[in-house]
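These numbers were taken from a predicted model, which means no experiment stands behind them. The first residue in the sequence is number 1, and the count goes up from there.
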Amino acid sequence: MHRIPKSLASPSIPHRFMITPTSSCFTSRRFFWSNQTTHSRTMAPRTSIDEFKALINPSSRILALCGAGLSAASGLPTFRGAGGLWRNHEPTSLATPEAFEADPALVWLFYAWRRHMALKASPNRGHYALAALAKKNDNFLCLTQNVDGLSPRAGHPSSSLRLLHGNILDNKCFNKCGYVDRNNLNDPVCAALAPAAENYPPNQTLPLLDPNVPVPPIEVEDLPHCPNCKTGLLRPGVVWFGEPLDELMLMEVDNWIKRGRIDIMLVVGTAATVYPAAGYTLKARRKGAIIAVVNPDLDSALDLSQKDFFFQGDASEILPQLFEGVTGQIEEQGDVL
C-alpha cells in the first residue's frame with residue numbers, strides 16, 4: 001500500500017489528491033524544452049509517430065495511465081456547470097461520504113445525471129485503440145483515472161484494465177456489506193431519479209441543472225437499497241474524497257511494475273499530478289521505460305527527456321496512429337481493418 005509520510009500528510013487533503021513529493025518531474029514548472037530555450041534542440045522530446053511505431057511491438061511491456069483527456073472526444077461534459085458549480089454546489093462537496101449521509105437524494109441526483117451523460121456518450125477511437133492493443137499484447141497494463149465506464153464499453157479486457165477511481169456505472173452498498181452491482185446500465189438507476197435522466201435539446205437547460213428550479217422531492221426509501229444486507233443504501237461505485245483507493249488493486253499494480261523492465265509508459269490525457277497516479281511515471285522510468293505523453297497541453301511535456309515522446313493533440317486521433325503497426329487501423333466504431 002502506498003503511504004504518505006506523516007510529515008507530508010494533511011487532514012484537509014484526501015490521500016488520492018496528494019502530490020507525490022519525491023518526483024521532481026511533477027513539481028517543476030520549468031518549460032525547459034521551449035523553442036525559446038537555448039537547449040531546445042538537445043533536450044526536446046521526440047515527436048515522430050514513425051519513430052514511436054518502430055519501438056512498439058506485440059511483446060513490448062507497456063504501462064498506460066489515462067485521464068479525462070482520453071474521453072474528451074466522446075463529448076462528455078465536465079460535471080461542473082457555469083462558474084464551476086452544480087446547482088450552486090461545489091461538485092467536490094457532493095463527492096464525499098459525509099455528503100451522502102447528510103443528503104443521499106441530492107448526491108444520487110448529481111451522480112444519476114453524470115451516469116446519464118456517460119451512458120449517452122460512446123467510446124472513441126482512443127478507447128478502442130487501447131482495447132485493441134490489450135487484445136494483442138498480454139504484457140500491457142492500462143490504468144485509468146476515469147470513472148465514465150467508456151474503456152470497459154470499448155471492449156477493453158478487464159484483465160489488463162485497472163479503474164483507479166472506480167466506475168460510475170457500478171453501485172455498491174454504503175454500509176460496506178460487500179455487495180457490488182457491476183456495470184449497471186439502467187438509466188435511471190431507479191424511478192425516483194428519472195429527473196436526472198431526461199433529454200433536452202442543446203439550447204434548453206435540464207431543469208435539474210437550473211439552481212432556480214427546486215430539487216425534485218425524493219424520499220430516502222425510494223432510492224436504491226442494498227439487496228444483500230437489506231439495511232443500507234446503494235451508492236455510486238466511485239472513490240470519493242477522503243476514501244482510499246482499493247488496496248489490493250494498488251498492490252497488483254505495484255507487483256506488475258516490479259516484475260521486470262518496462263519498455264514504454266503512455267501518459268494519456270492527464271497531467272499525472274494526483275496521487276497515486278503521480279508516482280507511476282517515476283516508477284516506470286526507474287524500470288527503464290521511455291515515456292510517451294499524449295496531451296493537447298504543452299505543459300504536460302515538462303521534464304520529458306530527449307529519449308521520450310510528446311504528441312500534442314487529441315488522444316482519439318493520435319493513439320490509433322501510434323498503435324497501428326500492432327493493432328491495424330482502428331475505425332470510428334472500433335472495427336479493426
### Message
Counting only heavy atoms not in Lys307 (residues, nucleotides, ligands), do more than 12 fall under 6.0 Å from its NZ?
### Response
yes

### Query
Is the number of heavy atoms from other residues, nucleotides or ligands within 6.0 Å of NZ (Lys135) greater than 12?
yes

Where [X] and [Y] come nearest, the two heavy atoms and their spacing:
| X | Y | answer |
| --- | --- | --- |
| Arg115 | Val189 | NH1-CG2, 3.2 Å |
| Pro104 | Leu233 | CB-CD1, 3.8 Å |
| Asp187 | Ala197 | OD1-CB, 3.4 Å |

Quick check for you: to the nearest 0.5 Å, what is the distance between [X] atom [atom1] and [Y] atom [atom2]?
| X | Y | atom1 | atom2 | result |
| --- | --- | --- | --- | --- |
| Asn175 | Arg235 | CG | CZ | 11.0 Å |
| Ile168 | Asp148 | CD1 | CG | 8.5 Å |
| Asn212 | Thr205 | CG | OG1 | 10.5 Å |
| His127 | Cys66 | NE2 | SG | 8.0 Å |
| Asp50 | Thr47 | CG | OG1 | 11.0 Å |
| Asp222 | Leu193 | CG | CG | 9.5 Å |

Is there a side-chain contact between [X] and [Y] in this structure, where contact means two heavy atoms from C-beta onward sitting under 4.5 Å apart?
| X | Y | value |
| --- | --- | --- |
| Val326 | Asn137 | no |
| Leu76 | Asn146 | no |
| Trp86 | Leu208 | yes |
| Glu51 | Leu55 | no |
| Leu266 | Phe323 | yes |

### Query
For Leu164 and Met249, what are the C-alpha separation, side-chain angles and deciding distance, and is it a side-chain contact (heavy atoms from CB on, under 4.5 Å)?
CA-CA 8 Å; Leu164 295 178; Met249 175 185 64; 4.0 Å; yes

Going hydrophobic residue to hydrophobic residue with side-chain gaps under 4.5 angstrom, can you get from [X] over to [Y]?
| X | Y | answer |
| --- | --- | --- |
| Leu106 | Trp113 | yes |
| Leu150 | Leu130 | no |
| Leu119 | Leu206 | yes |
| Leu63 | Phe140 | no |

Using only atom types and a distance under 3.5 Å, with no angle test, would you say the side chain of [X] pairs donor to acceptor with the backbone of [Y]?
| X | Y | value |
| --- | --- | --- |
| Asn124 | Gly126 | yes |
| Ser74 | Ser122 | yes |
| Lys230 | Pro227 | yes |
| Ser60 | Ile62 | no |
| Thr96 | Ala99 | yes |
| Arg125 | Ile330 | yes |
| Arg87 | Val213 | yes |
| Trp240 | Glu98 | no |
| His225 | Leu223 | yes |

Do NZ/NE/NH1/NH2 and the carboxylate oxygens of [X] and [Y] come within less than 4.0 Å?
| X | Y | value |
| --- | --- | --- |
| Asp254 | Lys283 | yes |
| Lys176 | Glu243 | no |
| Arg61 | Asp263 | no |

## Note on the structure
Exactly one of Val238, Asn184, Asn183 clears side chain to side chain contact (heavy atoms under 4.5 Å, CB included) with Leu169, and that residue is Asn183

## Note on the structure
So the ring pair (Phe, Tyr, Trp, His ring centres under 6.0 Å) pairs with at least one residue in residues 171-196 (sequence neighbours excluded) are Phe100-Phe174

### Query
salt bridge (charged side-chain N to carboxylate O under 4.0 Å, His left out) between Arg285 and Asp308: does it pass, once the steps are laid out?
CA-CA 10 Å; Arg285 196 184 291 279; Asp308 297 324; 3.1 Å; yes

Acceptor/donor pairs from residues 309-318 side chains to any protein atom, 3.5 angstrom cut, sequence neighbours excluded:
{"from": "Gln312", "atom 1": "NE2", "to": "Pro296", "atom 2": "O", "distance (Å)": "3.0"}
{"from": "Asp314", "atom 1": "OD1", "to": "Ser316", "atom 2": "N", "distance (Å)": "2.8"}
{"from": "Asp314", "atom 1": "OD1", "to": "Ser316", "atom 2": "OG", "distance (Å)": "2.9"}
{"from": "Asp314", "atom 1": "OD2", "to": "Ser316", "atom 2": "OG", "distance (Å)": "3.3"}

### Message
Under the salt bridge (charged side-chain N to carboxylate O under 4.0 Å, His left out) definition, can you give me all pairs with a residue in residues 158-168, not counting sequence neighbours?
### Response
Arg162-Glu252

### Query
Going through the distances and angles, do Tyr280 and Ile262 end up as a side-chain contact (heavy atoms from CB on, under 4.5 Å)?
CA-CA 11 Å; Tyr280 288 133; Ile262 298 175; over 6 Å; no

### Task
Under the side-chain contact (heavy atoms from CB on, under 4.5 Å) rule, what do Phe52 and Ile264 come out as? Steps first, then yes or no, please.
CA-CA 10 Å; Phe52 182 87; Ile264 298 169; 3.9 Å; yes

### Task
Determine, stepwise, if the pair Leu70 / Ser151 fulfils side-chain contact (heavy atoms from CB on, under 4.5 Å).
CA-CA 9 Å; Leu70 174 62; Ser151 290; 4.2 Å; yes

